[in-house]
K.L.:
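Sharing a structure below in structure tokens format, with a few things to ask.
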Amino acid sequence: AMLRPRSKRLAGRHALVTAGPTREPLDPVRYISNHSSGKQGYAIAAALAAEGARVTLVSGPVSLRAPEGVDLVKVETARDMLKACEDALPADIFVSVAAVADWRPVKAADKKLKLKGEGKSPAIELTENPDILRTLSHKKKKRPALVIGFAAETHDLERHAQEKLARKGCDWIVANDVSGDVMGGLENEIALITKDGIDRWPRMAKEEVSARLAQKVSEALGRDRDG
Ligand code: CTP
Ligand code: CA
């Protein structure tokens, strides 16, 4: 078999990555969103590109620059993010790192809401957003060969992550303990959950988490291709 340089084992593969938060408008100046710096998702996109993959990065609003060699698609809402992901298929790998808003206001007012003078607080009716990870995992045609989700949890990390693996229909879950100070920070402490079990990684820089994950992806897909 032809040996690829170790760092280009994803040559010829297309990886789709989501990152950052989504914004769900209430009116032209207000929105509902999640905490997310986008750092982990951007680092994963960069690491997959470094392994030779063509990378499409679908990102909510963050203050980061696109990693070199990565195609950046900017979106605002969860529905836009889903559409951009579906437009980017087919992909061999999908890594769902985005902190997608679970709900959106049923109605986004087209003018700024003005209720203060009336002494009223607006009641905001919410509806559930599409689940992008679940949708791509369950595609009959065009399901990426390897689908990886994230689970950011503040408690019972591994139980929740294992439930998510099953519920979302993905292949791996990167379980992320956000009870401490990792949000927005430079480091992350994760456990990789697959059907084979749990692999707990020590706390390390987000770039290093990404490099190790990209390596695991290369190994998994390399086996498919050569074996
Ligand atoms: N996710 C997604 N679309 C959504 C919600 C979540 O693609 N509408 C993805 C995230 O990108 C992540 C995984 O699903 O990869 C888990 O997200 P998380 O918020 O932890 O799970 P939820 O199913 O939304 O459950 P909850 O927020 O109640 O814990
Ligand atoms: Ca959620």
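All values below come from the heavy atoms of this structure, side chains included, with hydrogens, waters and symmetry mates left out. For ligands, and for the atoms within them, numbers begin at 1 and follow the listed sequence.
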K.L.:
Which other residues belong to the hydrophobic cluster containing W103, where Ile, Leu, Val, Met, Phe, Trp and Tyr are joined when side-chain heavy atoms lie under 4.5 Å apart, directly or via other members?
P.N.:
L26, I32, I124, L126

K.L.:
Do you see a donor-acceptor pair shorter than 3.5 Å between the side chains of E24 and N129?
P.N.:
yes

K.L.:
Run through the protein N/O/S atoms less than 3.0 Å from the Ca ion (ligand 2) and write them out by chain and number.
P.N.:
D102 OD1, D102 OD2

K.L.:
Pairs of nitrogen or oxygen atoms closer than 3.5 Å, one from V97 and one from ligand 1: do any exist?
P.N.:
no

K.L.:
Begin from the C-alpha positions of R159 and E163 and carry the test salt bridge (charged side-chain N to carboxylate O under 4.0 Å, His left out) through to its verdict.
P.N.:
CA-CA 6 Å; R159 181 171 60 81; E163 279 170 12; 3.3 Å; yes

K.L.:
If only side-chain N and O atoms count, and only distance matters, is there a donor-acceptor pair under 3.5 Å linking E76 with T22?
P.N.:
no

K.L.:
May I ask you to identify, for H160, whether its side chain, its backbone, both or neither come under 4.0 Å of ligand 1 on a heavy-atom basis?
P.N.:
neither

K.L.:
Looking only at distance, does A101 have an N or O less than 3.5 Å from an N or O of ligand 1?
P.N.:
no

K.L.:
Has the side chain of D171 got a donor or acceptor atom that lies under 3.5 Å from a matching backbone atom of I148?
P.N.:
no

K.L.:
Does K139 pair with E86 as a salt bridge, N-O distance under 4.0 Å?
P.N.:
yes

K.L.:
Number the atoms of ligand 1 from 1 as they appear, then name those within less than 4.0 Å of a heavy atom of G149, with their elements.
P.N.:
15 (O)

K.L.:
With no hydrogens and no angle check, is any side-chain donor or acceptor of N34 less than 3.5 Å from a backbone partner on A99?
P.N.:
yes

K.L.:
More than 12 heavy atoms of other residues, nucleotides or ligands under 6.0 Å from CZ of R79: is that the case?
P.N.:
no

K.L.:
So between L82, L133, I173, V178, whose heavy atom ends up nearest atom 7 (O) of ligand 1?
P.N.:
L133

K.L.:
Does atom CG (L186) have a neighbourhood of more than 12 heavy atoms from anything else shown, all under 6.0 Å?
P.N.:
no

K.L.:
Check whether any heavy atom of R167 sits under 4.0 Å from an atom of ligand 1.
P.N.:
yes

K.L.:
Using modelled atom types only, decide if a donor and an acceptor are shared between the side chain of R134 and the backbone of R167 within a distance under 3.5 Å.
P.N.:
yes

K.L.:
Which residue supplies the protein heavy atom nearest to atom 14 (O) of ligand 1, what is that atom called, and how far is it?
P.N.:
K168 NZ, 3.1 Å

K.L.:
Is a salt bridge present between E189 and R200, judged by a nitrogen-to-oxygen distance below 4.0 Å?
P.N.:
no

K.L.:
Below 4.0 angstrom from a heavy atom of A98, which ligand 1 atoms are there? Numbered from 1 as shown, please.
P.N.:
10 (C), 11 (O)

K.L.:
Tell me the protein heavy atom at minimum distance from atom 15 (O) of ligand 1, and give that distance in Å.
P.N.:
S96 O, 2.6 Å

K.L.:
With atom 8 (N) of ligand 1 as the reference point, say which of P130, C85, A78 has the nearest heavy atom.
P.N.:
P130

K.L.:
Would you indicate whether the side-chain heavy atoms of R30 and D27 approach each other to under 4.5 Å?
P.N.:
yes

K.L.:
Considering non-hydrogen atoms of the protein only, which is the closest contact for atom 13 (C) of ligand 1, and what is the distance?
P.N.:
F150 O, 3.0 Å

K.L.:
D102 heavy atoms, cut-off 4.0 Å: which ligand 1 atoms fall inside?
P.N.:
5 (C), 24 (O), 27 (O)

K.L.:
Apply side chain to side chain donor-acceptor pair (under 3.5 Å) to H14 and T56, showing your working.
P.N.:
CA-CA 8 Å; H14 180 210; T56 305; 2.7 Å; yes

K.L.:
At under 4.0 Å between heavy atoms, which part of R134 makes contact with ligand 1: side chain, backbone, both or neither?
P.N.:
neither

K.L.:
Tell me the contacting part of T18 for ligand 1: side chain, backbone, both, or neither, using a 4.0 Å heavy-atom threshold, strictly below.
P.N.:
neither

K.L.:
Please determine, by modelled atom types, if E51 and S218 share a side-chain donor-acceptor pair under 3.5 angstrom.
P.N.:
yes

K.L.:
If you scan the protein for heavy atoms around atom 28 (O) of ligand 1, do you find one that is closer than 4.0 Å?
P.N.:
no

K.L.:
Specify the protein heavy atom at minimum distance from atom 3 (N) of ligand 1: its residue, its atom name, and the distance to 0.1 Å.
P.N.:
I132 N, 3.1 Å

K.L.:
Of the protein's non-hydrogen atoms, which lies at the shortest distance from atom 20 (O) of ligand 1, and what is that distance?
P.N.:
K164 NZ, 2.7 Å

